[in-house]
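First up is the structure itself, then whatever we jot down about it.
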Amino acid sequence: MWSASGRRLRASSANPRADQVKPPPFDYAKPASLSEALELLASDDDAKILAGGQSFVPVLNFRLASPSLLIDINGLAELGRISLVDGGLRLGAIVRYRDLEDSELVAAENPLLAHALHHIAHYQIRNRGTVGGSSSHADPSAEFPAVSALCGAEYVLQSIRGSRVLPADEFFLGALTTALEADEILTEIRFPPWPRDRRWAFEEIAPRLGDFAILGAAVLLDPGETRILVFGAGDRASRLPRAEAALRGRTLDKAAILEAAKLASEEIEPQGDIHATAEYRKAMAEVLVERCLERASGVKVVA
Ligand SMILES: Cc1cc2nc3c(=O)[nH]c(=O)nc-3n(C[C@H](O)[C@H](O)[C@H](O)COP(=O)(O)OP(=O)(O)OC[C@H]3O[C@@H](n4cnc5c(N)ncnc54)[C@H](O)[C@@H]3O)c2cc1C
């Protein structure tokens, strides 16, 4: 039993059926502008943002969260744009995976992201899930945060107090934990320009295509710099400084690739869970980093 009060719909506390539905009762608002959304968020300490709902609705249905107010940002057209600014891709927070899949701009300006998308969940989830929702949820096995961290993307956070821009490695703080304050909305993700001579590779192991990754790896090869990242192995996607350092100033040949892949395995400190043991993840990190480096460089490691 809902009654409208302005743009905010209020769940009546007198609703006799409140305990018979899956989520706990909450008020609902669908603001028409970002400034209205920010005002609403600032006005209620227990308010939460609703984007694609693919992670948060299950959380509500299990009653793992009880927000007083859900602020639905799906009507904010200003957060739904894909654009190119100063040569870098900019994604509004409610851009959906499906929008990215359909975008020729994304395919041209970040082929790694375009490729990684196909590993994210299933068609129905990609139809609703947003880049801002995935980033704010911060699952350590999620592909989008991993690609953004490897590329050195920046995260734009806004509140009624103002805005700030954080690099990915300061935005992601741990498993399901980000730098977002309670009154902040993630509004945009900015990728640096994609160098034309860059080579890249992405690999992941999942029980089935579309399942969350048990482990994933990605590399970027730029003249003079190799970046290596593993995700699904710790509390967030991480670059591997020791493995990267082993390749600095060196010709990328079979010996160098094997050494870097071994270091990658040694460098991570994964945990075991119901999907895989820590030892399995370490072994797979070596395999996936080796495959990525082999594919990106074109050097044949396995005959
Ligand atoms: C069966 C299944 C399989 C999946 N497999 C994968 C997978 O393989 N890889 C993968 O990466 N993901 C996977 N996902 C997760 C999916 O990508 C979700 O879409 C994503 O994690 C959350 O995006 P959303 O837009 O649905 O966010 P929501 O569920 O709406 O929100 C998630 C959280 O972020 C907050 N939030 C959302 N947007 C903002 C914002 N702009 N500013 C501040 N806070 C915000 C919400 O308050 C909430 O706490 C899977 C999900 C399901 C259900």
Side-chain angles (χ1 to χ4, degrees), residues 23 26 28-31 34 37-38 40-42 44-62 64-76 78-81 91-101 113 115-149 155-159 163-164 166 171-172 175-189 202 204-216 218 231-232 236-237 275:
F26 52 81
Y28 172 87
K30 192 167 184 184
L34 177 60
L38 293 172
L40 279 166
L41 193 57
D44 186 333
D45 288 347
D46 294 323
K48 288 288 284 179
I49 299 296
L50 178 69
Q54 299 305 293
S55 297
F56 200 49
V57 170
V59 166
L60 290 175
N61 285 346
F62 282 113
L64 297 172
S66 301
S68 51
L69 169 66
L70 270 194
I71 302 169
D72 183 343
I73 58 171
N74 284 283
L76 306 184
E78 66 242 70
L79 301 191
R81 298 192 191 105
L91 307 177
I94 61 166
V95 166
R96 300 182 200 284
Y97 297 127
R98 175 76 187 153
D99 301 328
L100 297 178
E101 282 180 69
L113 176 58
H115 174 87
L117 288 172
H118 300 290
H119 292 269
I120 300 176
H122 314 292
Y123 179 84
Q124 291 83 348
I125 291 160
R126 294 201 297 272
N127 242 352
R128 293 294 306 166
T130 65
V131 293
S134 174
S135 303
S136 306
H137 189 61
D139 191 302
S141 296
E143 290 83 356
F144 182 84
V147 170
S148 78
Y155 281 72
V156 183
L157 281 47
Q158 291 197 44
S159 70
S163 68
R164 57 189 182 130
L166 295 180
F171 178 78
F172 294 106
L176 309 182
T177 310
T178 69
L180 273 165
E181 298 286 349
D183 65 345
E184 285 180 318
I185 295 180
L186 168 61
T187 54
E188 190 176 63
I189 298 133
F202 178 97
E204 85 167 47
I205 294 177
R208 297 161 300 186
L209 184 64
D211 285 351
F212 269 108
I214 289 174
L215 193 90
F231 62 99
R236 72 200 95 160
H275 303 294

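Each ligand, and each atom within it, is numbered from 1 in the order the structure gives. Excluded from the calculations below are hydrogen atoms, water molecules and symmetry mates; all remaining heavy atoms, backbone and side chain alike, are included. Heads up: numbering here begins at 1 and tracks the sequence. No experiment lies behind these values; they were computed from the predicted model shown.
- Counting atoms of ligand 1 from 1 in the listed order, those under 4.0 Å from a heavy atom of Ile185 are 41 (N), 42 (N).
- Counting atoms of ligand 1 from 1 in the listed order, those under 4.0 Å from a heavy atom of Asp211 are 8 (O).
- Atoms CD1 and NZ, from Ile71 and Lys48 in turn, are 10.5 Å apart once rounded to the nearest 0.5 Å.
- For ligand 1, the atoms lying closer than 4.0 Å to a non-hydrogen atom of Ala93 are 41 (N).
- Here the heavy atom of the protein found nearest to atom 39 (C) of ligand 1 is Ser136 OG, 3.4 Å.
- Here the straight-line distance linking atom CD1 of Ile120 with atom CG of Asp211 works out to 13.5 Å at 0.5 Å rounding.
- Residues in residues 116-130 take part in these salt bridge (charged side-chain N to carboxylate O under 4.0 Å, His left out) pairs, two or more places apart or across chains: Glu101-Arg126.
- Judged purely by distance below 3.5 Å, without hydrogens or angles, the side chains of Ser134 and Tyr97 pair a donor atom with an acceptor atom.
- Of the protein's non-hydrogen atoms, the one nearest atom 24 (P) of ligand 1 is Gly52 N, 3.5 Å.
- Using a 4.0 Å heavy-atom cutoff, Leu180 is listed among the residues neighbouring ligand 1.
- The closest approach between Val59 and ligand 1 stays at or above 4.0 Å for every heavy atom of the residue.
- Set against the non-hydrogen atoms of Ala142, the atoms of ligand 1 under 4.0 Å away are 11 (O).
- With respect to atom 49 (O) of ligand 1, the closest heavy atom belonging to the protein is Lys48 NZ, 3.5 Å.
- Side-chain contact between Arg96 and Asn74: present, with at least one pair of heavy atoms (C-beta onward) separated by less than 4.5 Å.
- When all heavy atoms of Gly132 and Ser136 are compared, the pair lying nearest together is O-OG, 2.7 Å.
- Shown here for Thr178 and Ala138, the closest heavy-atom pair between the two residues is CG2-CB, 3.7 Å.
- Of the protein's non-hydrogen atoms, the one nearest atom 41 (N) of ligand 1 is Leu186 O, 2.9 Å.
- Proximity to Tyr97 (heavy-atom distance under 4.0 Å) selects the following atoms of ligand 1: 17 (O).
- The closest approach between His119 and ligand 1 falls below 4.0 Å for a heavy atom of the residue.
- In this structure, of Ser141, Gly216, Ala121, Ser55, the residue bringing a heavy atom nearest to atom 18 (C) of ligand 1 is Ser55.
- Rounded to the nearest 0.5 Å, atoms CG (Leu180) and OH (Tyr155) are 10.5 Å apart.
- Taking every non-hydrogen atom of Ile73 and a distance limit under 4.0 Å, the qualifying atoms of ligand 1 come out as 41 (N).
- For ligand 1 and Gly210, the ligand atoms under 4.0 Å from any heavy atom of the residue are 5 (N), 8 (O).
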| query | Could you go step by step and tell me if Phe144 and Ile189 meet the side chain to side chain contact (heavy atoms under 4.5 Å, CB included) rule? | reply | CA-CA 11 Å; Phe144 182 84; Ile189 298 133; 3.9 Å; yes

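- In terms of protein heavy-atom proximity, atom 52 (C) of ligand 1 is nearest to Ile125 CD1, 3.4 Å.
- Qualifying side chain to side chain contact (heavy atoms under 4.5 Å, CB included) partners for Glu204, counting only residues two or more places apart in sequence or in other chains: His119, Glu143, Phe202, Ala206, Ala213, Phe231.
- Remark: minimum distance from atom 9 (N) of ligand 1 to any protein heavy atom is reached at Glu143 OE1, 2.7 Å.
- Gln158 contributes atom CD, which lies 8.0 Å from atom CG of Leu79 (distance to the nearest 0.5 angstrom).
- Selection from Ala213, Gly133, Gly129, Gly232 by nearest heavy atom to atom 37 (C) of ligand 1 gives Gly133.
- In the candidate list Phe212, Phe144, Phe231, Phe56, Phe212 is nearest to atom 12 (N) of ligand 1, counting heavy atoms.
- We find the NZ-CG distance between Lys30 and Leu40 to be 14.0 Å, quoted to the nearest 0.5 Å.
- Here the closest non-hydrogen pair linking Ala51 and Thr130 is CB-OG1, 3.5 Å.
- In terms of polar-atom proximity, defined here as any N/O pair under 3.5 Å, Ile49 does make such a contact with ligand 1.
- For atom 30 (O) of ligand 1, the nearest non-hydrogen atom from the set Ser134, Gly92, Gly53, Ala47 comes from Gly53.
- Minimum interatomic distance between Leu76 and Ala37 (heavy atoms only, all atoms of both residues): CD1-CB, 4.1 Å.
- Nearest to atom 25 (O) of ligand 1 among the protein's heavy atoms is Thr130 OG1, 2.6 Å.
- Residue, atom and distance of the protein heavy atom nearest to atom 26 (O) of ligand 1 are Gln54 N, 2.7 Å.
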